[in-house]
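A short write-up of the structure that comes next.
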Amino acid sequence: MRGQKVKSGFQKNSHRSNWILFILLAACVVFPAFFILWQRVFSSEREQMKEDLNRLSQETYDSALISMHSAKSFREEDFAYYLALNTVITSHAVKNTKELSQYLDCILESGNDISLLYLCLDPALLWDSVGENDRKWQECLTKSLYSCIEAHPRISFNVLLPYPYIDYWRNLETEELDTLLTVYHTLVNELSAFPNVVTFFPGFEEWLMMVPGNYEENVFDINEDIGFTVFANTFCGDGRYEITPANEDTFWNALRDMIARENAAPTSYPDLSDWCLVLFGDSVLANYTGSTSIPGYISGLSGACVYNYAIGGTSAARRGEGNDLPDIFGRFVDENIIVAEGNNMFAPDGTVLEELKGKKLCFIFNYGINDYYSGVPVANPDDPNDIASYTGSLRSCIRALQIILPDARYIIMTPTHVQLFGQGTEPMSEKGSEFITYINAAEELSSEMNLYFLDHYRDFTVTEHNADYYLSDGTHPNERGRYAIAASLISFIEGTVP
């Protein structure tokens, strides 16, 4: 027994020694690798800071943008073109109040006549940088930021708060969320004490935060299209995202409601990766590009292949200008339909793409707004195929396409409500009709031709009472409207179109 105990103890010590040796060997490999990686990252950040500070001290400019996250989605030429500001956008994402102070001091000592400073501040990073300590928060922010704002009343400070992907918020525990929103609230209230500060917070919008394609490397880094959209809606916008102590509850409640809803039942969209969608229409589909366009949202949310042949200002009826649906349709057939293996095929730009083989093909027509605004006749009672009329042109073009591609699906999708000309109640010519007449005619045509019909006028989110919220100018959908239209179309195809 005694010998067995000694033997057992020896085995345990031997195993322990082996583990210690293994850990030491691993440490010899991992720690140097980690140190080298850390050095590279730190060195890269130091180089970025050095380049930034050199630019800020040597160049001539009247505004600058400093961010606590990547600012690569913002473009200096946009500030020049839309705001007439010669702006330096810094590359390094500042980590704390000390670095923020370095940048501000460099700008203010550069000798430039500064009119605007754009600060993309993250309250969470600021809170972490002071060790989550209330006293240090006040001391550091007063020293690095508030004293600077107060000392330069002629400089306007535009502060932009973060707008991360929804998963950032969903991954927070309830207590963490409460603490973080308290920190946001604190910063908003403290900044509001200065008359030369305007603070923006778009981080509660579904069209922004619910779309993975809007973000690139992480939950904070947005793509360039989103960067321009945020730039336009905040720094060039109408004040819709300006947050103050008087309205901040609305912003926080909207964010909390979204987080709660997503935690209870995360939003998911149908998988349309086996579909190829081809769009025809006017500026509603054509005037916006990137991930916040209707085609962009459709592709990003559903995985469908989307080809957009819409052109702004066009109508279904031919008006003699050479760029309406009949003209677009003629060019489309010539350039994109080929005969392969004895069958007609949709081949974008005449090229058969492997990625489209086996996908279900669907054509979507979204016309009516410019037909109404131009006062073209809804129909020609003497010629149902008259391409100078709204339904005649749709009937003629769709029927021709059905002959060429009989296995494809066809959807007529109506415009939403419009706010102009008495919300569409005023005919625009002696031959024209009220807007609703074009909507009704589209529905009747869909029934006649056995097409799928998606009514965005009567059966949709946008109504005559809330159009301001979804339309940017009484006609064109804003980001909210485009997101809603795309989501509606995706769900319609999944639920209605086999």
Side-chain angles (χ1 to χ4, degrees), residues 211 213-214 216 223-226 228 271-367 370 387 393-413 451-452 454 476 482 485-486 489-490 493 497:
V211 185
N214 289 345
E216 294 188 330
N223 64 45
E224 194 169 281
D225 291 319
I226 294 296
F228 177 78
D271 180 3
L272 301 184
S273 57
D274 58 341
W275 285 83
C276 174
L277 308 181
V278 182
L279 310 179
F280 292 93
D282 51 34
S283 56
V284 170
L285 295 178
N287 279 12
Y288 307 93
T289 59
S291 60
T292 65
S293 66
I294 292 174
Y297 277 134
I298 293 170
S299 177
L301 296 174
S302 73
C305 284
V306 181
Y307 291 86
N308 188 16
Y309 295 90
I311 297 177
T314 60
S315 63
R318 189 175 193 179
R319 298 166 296 179
E321 298 173 4
N323 217 21
D324 292 318
L325 176 59
D327 310 288
I328 297 168
F329 175 76
R331 294 194 298 269
F332 171 81
V333 171
D334 290 342
E335 298 169 4
N336 300 281
I337 304 296
I338 67 170
V339 177
E341 301 176 3
N343 295 310
N344 292 326
M345 291 183 59
F346 168 60
D349 296 323
T351 303
V352 177
L353 301 179
E354 285 294 323
E355 65 188 62
L356 297 184
K357 288 186 176 180
K359 292 187 184 294
K360 293 183 279 190
L361 182 61
C362 182
F363 292 91
I364 298 147
F365 296 83
N366 183 221
Y367 290 99
N370 290 318
I387 60 174
S393 180
L394 285 171
R395 180 184 288 107
S396 177
C397 293
I398 294 175
R399 183 169 289 158
L401 199 53
Q402 285 177 317
I403 293 172
I404 298 170
L405 296 168
D407 294 331
R409 287 78 166 168
Y410 296 86
I411 298 173
I412 289 183
M413 181 172 75
L451 310 174
Y452 296 99
L454 178 54
H476 300 94
R482 298 196 297 275
I485 289 171
L489 178 59
I490 292 168
I493 292 174
V497 185

I need the full list of salt bridge (charged side-chain N to carboxylate O under 4.0 Å, His left out) pairs touching residues 279-290, with sequence neighbours left out, sorted by first then second residue.
none
Value for CG (N366) from CG (L285), rounded to nearest 0.5 Å, stands at 4.5 Å
Mind checking what makes side chain to side chain donor-acceptor pair (under 3.5 Å) contact with T289, not counting sequence neighbours?
none
Assign the ring pair Y410 / F365 to parallel, tilted or perpendicular, where the plane angle (0 to 90°) is split at 30° and 60°.
parallel
Exercise: identify the closest heavy-atom pair between P295 and L279:
CG-CD1, 3.7 Å
Got a sec, which pairs hit side-chain hydrogen bond (donor to acceptor under 3.5 Å, both in side chains) with one end in residues 344-363, sequence neighbours left out?
E354-K357
In terms of ring plane angle, is the pair F280 and Y309 parallel, tilted or perpendicular, where the classes change at 30° and 60°?
parallel
dist M413:CE -> I485:CD1 (nearest 0.5 Å) comes out at 6.5 Å
Test item: D327 side-chain N/O and R318 main-chain N/O as donor-acceptor pair under 3.5 Å
no
Can you confirm whether the side chains of T314 and N323 place a donor and an acceptor under 3.5 Å from each other?
no
side-chain contact (heavy atoms from CB on, under 4.5 Å) involving S302 - partner list, sequence neighbours excluded
L272, I298, A304, I490
For A286, enumerate each residue passing the side-chain contact (heavy atoms from CB on, under 4.5 Å) test, keeping only those at least two apart in sequence or located in another chain.
A310
Check: L361 and D407 side chains under 4.5 Å, non-hydrogen atoms:
no
Output, in order, the C-alpha distance, side-chain angles, deciding distance and verdict of side chain to side chain contact (heavy atoms under 4.5 Å, CB included) for I412 and Y367.
CA-CA 8 Å; I412 289 183; Y367 290 99; over 6 Å; no
Does I364 reach the side chain of L454, with side-chain heavy atoms less than 4.5 Å apart?
no
Pairwise distance CG(L401) to CZ(F346) - rounded to 0.5 angstrom:
10.0 Å
Applying side-chain contact (heavy atoms from CB on, under 4.5 Å), name anything that partners S273, two or more places apart in sequence or on another chain.
D271
Check whether any side-chain heavy atom of Y288 lies under 4.5 Å from a side-chain heavy atom of I294, and answer yes or no.
no
Between the side chains of Y307 and N336, does any donor sit under 3.5 Å from an acceptor?
no
Assess the residue pair V211 and L301 against the criterion (side chain to side chain contact (heavy atoms under 4.5 Å, CB included)); give the C-alpha distance rounded to whole Å, side-chain angles, the decisive distance to 0.1 Å, and a yes or no.
CA-CA 7 Å; V211 185; L301 296 174; 4.1 Å; yes
Partner of T292 under side chain to side chain contact (heavy atoms under 4.5 Å, CB included), chosen from N214, N223, D225
N214
Are S393 and D324 linked by a side-chain donor-acceptor pair shorter than 3.5 Å?
no
